[in-house]
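Encoded as C-alpha cells, the structure appears first; notes follow it.
Quick caveat, the model's predicted, so the values are computed rather than measured.
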Amino acid sequence: ATRPSDLAVDGRWLDGIYFAMDFLTLQNRVNAGQMRDSENPVRSEGKKVLVIGGGDTGSDCVGTAIRQKAASVIQIEILPKPPETRNDDNPWPYWGKTLKTSTSHEEGCEREWGLSTVKFIGEENQVKGVEVETVEWIKSNGRMMPEPVAGTKRIIEAELVLLAMGFLHTETEGLIRSLGLELDERNNLKADNSCKTSHARIFAAGDAISGASLVVNAIASGRKAARSVDRYLRNL
C-alpha cells in the first residue's frame with residue numbers, strides 16, 4: 001500500500017509500521033491456505049504491538065496480534081473514552097454511543113483513550129516507539145476539536161505499529177481538483193439530496209460525501225446515487 005510521506009521519519013518510512021488492512025489481509029491469506037504462516041512478512045509474535053485507532057478494524061488487529069502471540073498489545077484512540085451507559089442526549093433508538101468491548105479486547109489488551117500520536121521513534125530504520133500526548137476535546141466554532149494537554153507527552157514502546165484510524169476526508173488531489181468539484185467544510189465532496197455534486201453530470205456516494213462511516217451506510221448511499229443516475233439518464 002502507498003505509505004504517506006507525512007508519517008515518515010527523516011524522509012523514510014520506518015520498518016514495523018503497517019496499515020491495518022495490510023496486516024489483516026496477510027493473515028486472512030494464511031487462514032485461507034493461500035500462504036504458509038512462515039511466509040507472512042508481517043507477524044506480531046514476540047513483539048510489543050501498538051494499534052492506533054479504536055474502531056472495529058483496530059479491534060480486529062488486536063485479536064489477530066494476540067492470536068499471533070504478541071508479547072503485548074496496546075490500543076489507543078484519540079477520542080475520549082465513551083460512557084458505560086447512554087447519556088441523556090443519546091436516547092434509544094439512536095445508535096448507542098457507549099463503550100464497546102469486543103471479543104478481541106476480552107482476549108487481553110490495554111486500551112487508552114484521549115491520546116494523540118505526535119511522532120514515531122526509530123532506531124536503525126526500525127520503529128521502537130511512538131510519542132503520544134493527552135488531548136482534551138474543546139468546542140471551537142461549533143465543532144469539537146482536540147487540544148493537547150501540556151506536559152503529557154510520553155513514549156509508548158512498540159516494535160510493530162498498526163494504523164487503524166480511518167481517514168479524514170476523500171483525496172482531493174487529482175481527479176476531484178481537476179474537475180473543480182465543490183467541497184464541504186470538512187473537505188468531503190459536496191452533494192445534494194440526490195447525490196449530485198457541483199458538476200451536473202457527476203454523482204458521488206458513501207464516504208466521499210459523508211466522511212468515514214459504516215459500510216451499510218455506504219451501500220445505502222451507493223443505491224441512492226444509482227437511482228439518481230438512472231433518473232438523470234432517463235431524462236436526457
Side-chain angles (χ1 to χ4, degrees), residues 1-79 81-82 99-113 115-132 154-168 171 206-207 212-219:
T2 302
R3 291 175 164 180
S5 59
D6 58 347
L7 294 181
V9 176
D10 296 330
R12 297 179 300 173
W13 183 276
L14 294 175
D15 292 335
I17 303 175
Y18 295 90
F19 288 117
M21 293 309 298
D22 294 337
F23 174 68
L24 296 173
T25 297
L26 287 168
Q27 183 58 47
N28 282 343
R29 289 176 181 169
V30 172
N31 295 344
Q34 300 173 1
M35 176 194 300
R36 292 192 184 94
D37 190 47
S38 59
E39 297 173 337
N40 187 350
V42 187
R43 286 190 53 79
S44 60
E45 184 173 0
K47 297 179 180 178
K48 297 176 181 178
V49 177
L50 175 64
V51 179
I52 302 178
D56 292 339
T57 302
S59 171
D60 289 342
C61 289
V62 167
T64 300
I66 291 171
R67 291 161 207 163
Q68 288 184 355
K69 300 182 179 179
S72 63
V73 181
I74 298 175
Q75 182 181 26
I76 64 174
E77 166 62 57
I78 192 171
L79 294 173
K81 184 177 181 179
L99 178 64
K100 304 296 190 300
T101 299
S102 70
T103 54
S104 294
H105 296 137
E106 291 173 349
E107 292 182 41
C109 82
E110 183 179 344
R111 304 168 72 186
E112 296 190 45
W113 289 264
L115 288 182
S116 175
T117 300
V118 177
K119 65 180 179 180
F120 297 111
I121 309 297
E123 183 179 307
E124 296 182 352
N125 209 45
Q126 170 65 44
V127 67
K128 292 296 182 181
V130 176
E131 184 176 293
V132 300
R154 60 188 172 92
I155 294 175
I156 298 177
E157 293 184 5
E159 299 161 288
L160 177 62
V161 178
L162 302 173
L163 308 178
M165 62 279 195
F167 69 101
L168 293 178
E171 179 57 58
D207 291 359
S213 185
L214 300 174
V215 66
V216 290
N217 293 336
I219 292 171

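At least one side-chain heavy atom of Ile156 sits less than 4.5 Å from a side-chain heavy atom of Ile76. In this structure the side chain of Gln27 never reaches within 4.5 angstrom of the side chain of Arg67, judged on heavy atoms. With contacts defined as side-chain heavy-atom distances shorter than 4.5 Å, the pair Asn40/Gln68 qualifies. Counting heavy atoms from C-beta on, the side chains of Ser104 and Ile66 never come closer than 4.5 Å. Leu162 has its side chain out of reach of Leu24: every pair of non-hydrogen atoms, C-beta onward, lies at least 4.5 Å apart.
Pairs passing the salt bridge (charged side-chain N to carboxylate O under 4.0 Å, His left out) check and including a residue from residues 25-41, sequence neighbours excluded, read Arg36-Glu39, Asp37-Arg43.
Atom CG in Leu26 sits 11.0 Å away from atom CD in Gln34 (nearest 0.5 Å). Rounded to the nearest 0.5 Å, atoms NZ (Lys119) and CD (Glu131) are 5.0 Å apart. How far CG of Leu99 is from CZ of Arg111: 5.0 Å, rounded to the nearest 0.5 Å. Here CZ of Phe23 is found 10.5 Å from CG of Asn28. Values are rounded to the nearest 0.5 Å.
Heavy-atom minimum distance, Leu115 versus Arg154: CD1-NH2, 3.5 Å. Nearest heavy-atom pair across Ala20 and Thr57 is CB-CG2, 3.7 Å. Across all non-hydrogen atoms, the minimal contact from Pro82 to Trp113 is CD-NE1, 3.6 Å. Considering all non-hydrogen atoms of both residues, Val73 and Ala65 come closest at CG2-CB, 4.0 Å. Closest approach of Val51 to Ala164, counting heavy atoms only: CG1-CB, 4.3 Å. Listed here is the closest heavy atom pair of Gly16 and Gln126: CA-NE2, 4.0 Å.
A salt bridge does not link Glu77 with Lys100: every distance from a Lys NZ or Arg NE/NH1/NH2 to an Asp or Glu carboxylate oxygen is 4.0 Å or more.
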Derivation and outcome, side-chain contact (heavy atoms from CB on, under 4.5 Å), residues Asn125 and Leu14: CA-CA 5 Å; Asn125 209 45; Leu14 294 175; 3.9 Å; yes

Verify side-chain contact (heavy atoms from CB on, under 4.5 Å) between Glu107 and Val62, making sure each step is shown before the conclusion. CA-CA 9 Å; Glu107 292 182 41; Val62 167; over 6 Å; no

Where do Val42 and Leu160 land on the side-chain contact (heavy atoms from CB on, under 4.5 Å) test, with the steps shown first? CA-CA 9 Å; Val42 187; Leu160 177 62; 4.2 Å; yes

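Heavy atoms of other residues, nucleotides or ligands lying less than 6.0 angstrom from CG of Asp56 number 12 at most. Around CD of Glu157, the count of heavy atoms belonging to other residues, nucleotides or ligands within 6.0 Å does not exceed 12.
Glu106 is linked by a salt bridge (Lys or Arg N to Asp or Glu O under 4.0 Å) to nothing, counting only residues two or more places apart in sequence or in another chain.
Listed for the Glu159 side chain is no donor-acceptor partner under 3.5 Å among the backbone atoms of Lys47.
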